[in-house]
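Reading through the structure tokens given below for one structure.
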Amino acid sequence: MLRITAIAVAGALAMGSTAAAQSPGDVAAYAALSVTPVGALPLMARSTMFDAGPAPASFNARYGTQDELHTFGVGGDFRAGGSGRAALTLGYLTCDGCDGILMLGADYIRPVIRTAIGTGSTPPAFTVSLNPSLGLAKPMEGEGTALAANVGLPVAVAMGEAGARVAAFISPGIGFGLLSGSGESESGMRPMLGGGLGVRLGQMTLSGSVQKIFIEGGEIQYGLGIAMAR
């Protein structure tokens, strides 16, 4: 296991007592994903899941918890590339027994399948999207860097009226994680799965989600988020 101070400690806490039984690449991937916005912050119901119309830029705040890890993030979401949306995130992770970790993240989501289910002014909608994301993390003290990437495929069903709409979603994906420091590095890939529920009330969206990075001994992350359109 790499000796990368806060990042290594946070990764070990997220895995519990089974870290020593895993391959170094699997452990590195899990730790890097767990301490970057890719896996440390909860998923949110994005505006592209609710309807096909253009949405204004929005500000969001998120909180995620995974065993002894606690993560806070703020960011912005804006239109990019036709029907796509891009987001930038700044986050901070803290845990018992480790220094704080500063995180940066970026992602892009674009619907690839969208179809109405039924009729009416705001019929239920089924959406499949492509959602690549990137994350970077560095401890506030000490050395080491965590890099992570994920390609998710969110599937969502939204229903309700224009001013009060609910979206349920599930997002399978594959994540890559790299830990580096002290002249050494280790990397690997792990499957990921998340899902949740979002409620849009006017310009505000509330989300709750769960997410798991698959590895023996890995914990489930729980989180909440709120987004406000400008």
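Everything numeric in this text was worked out from a predicted model, so none of it was measured.
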State, with a plain yes or no, whether a side-chain heavy atom of [X] is found less than 4.5 Å away from one of [Y].
X: Thr89; Y: Leu104; answer: no
X: Met192; Y: Leu33; answer: yes
X: Leu193; Y: Phe214; answer: yes
X: Phe59; Y: Val74; answer: yes
X: Val155; Y: Phe126; answer: yes
X: Ser207; Y: Leu224; answer: no
X: Leu206; Y: Met204; answer: yes
X: Arg85; Y: Ser47; answer: yes

Minimum heavy-atom separation for [X] to [Y], with atom names?
X: Ala148; Y: Val38; value: O-CG2, 3.9 Å
X: Gln211; Y: Gly39; value: NE2-O, 3.8 Å
X: Gly91; Y: Leu102; value: O-CD1, 3.5 Å

When you measure from the side chain of [X] to the backbone N and O of [Y], does any donor-acceptor pair fall under 3.5 Å?
X: Gln221; Y: Ala40; answer: yes
X: Ser209; Y: Leu43; answer: yes
X: Arg200; Y: Gln203; answer: no
X: Lys138; Y: Ile101; answer: no

In Å and rounded to the nearest 0.5 Å, what is the [atom1] to [atom2] distance from [X] to [Y]?
X: Arg79; Y: Ser58; atom1: CZ; atom2: OG; result: 13.5 Å
X: Arg114; Y: Ser83; atom1: CZ; atom2: OG; result: 6.5 Å
X: Met228; Y: Thr205; atom1: CE; atom2: OG1; result: 9.0 Å
X: Ser129; Y: Leu153; atom1: OG; atom2: CG; result: 8.0 Å
X: Ile215; Y: Ser23; atom1: CD1; atom2: OG; result: 7.0 Å
X: Tyr222; Y: Thr65; atom1: OH; atom2: OG1; result: 9.5 Å

Single hit among Asn60, Asp107, Thr127 for side chain to side chain donor-acceptor pair (under 3.5 Å) with Arg46: Asp107

Full working for side-chain contact (heavy atoms from CB on, under 4.5 Å) between Ile213 and Arg190: CA-CA 7 Å; Ile213 305 164; Arg190 302 306 306 161; 3.8 Å; yes

Full working for side-chain contact (heavy atoms from CB on, under 4.5 Å) between Leu136 and Met103: CA-CA 6 Å; Leu136 167 70; Met103 307 182 299; over 6 Å; no

Trace of the side-chain contact (heavy atoms from CB on, under 4.5 Å) decision for Leu130 with Val151: CA-CA 7 Å; Leu130 183 65; Val151 177; 3.9 Å; yes

Criterion side-chain contact (heavy atoms from CB on, under 4.5 Å) on Glu186 and Leu178, from CA distance to verdict: CA-CA 6 Å; Glu186 195 70 62; Leu178 167 71; over 6 Å; no

Aromatic plane relationship, Tyr63 with His70 - under 30° parallel, 30 to 60° tilted, over 60° perpendicular: parallel

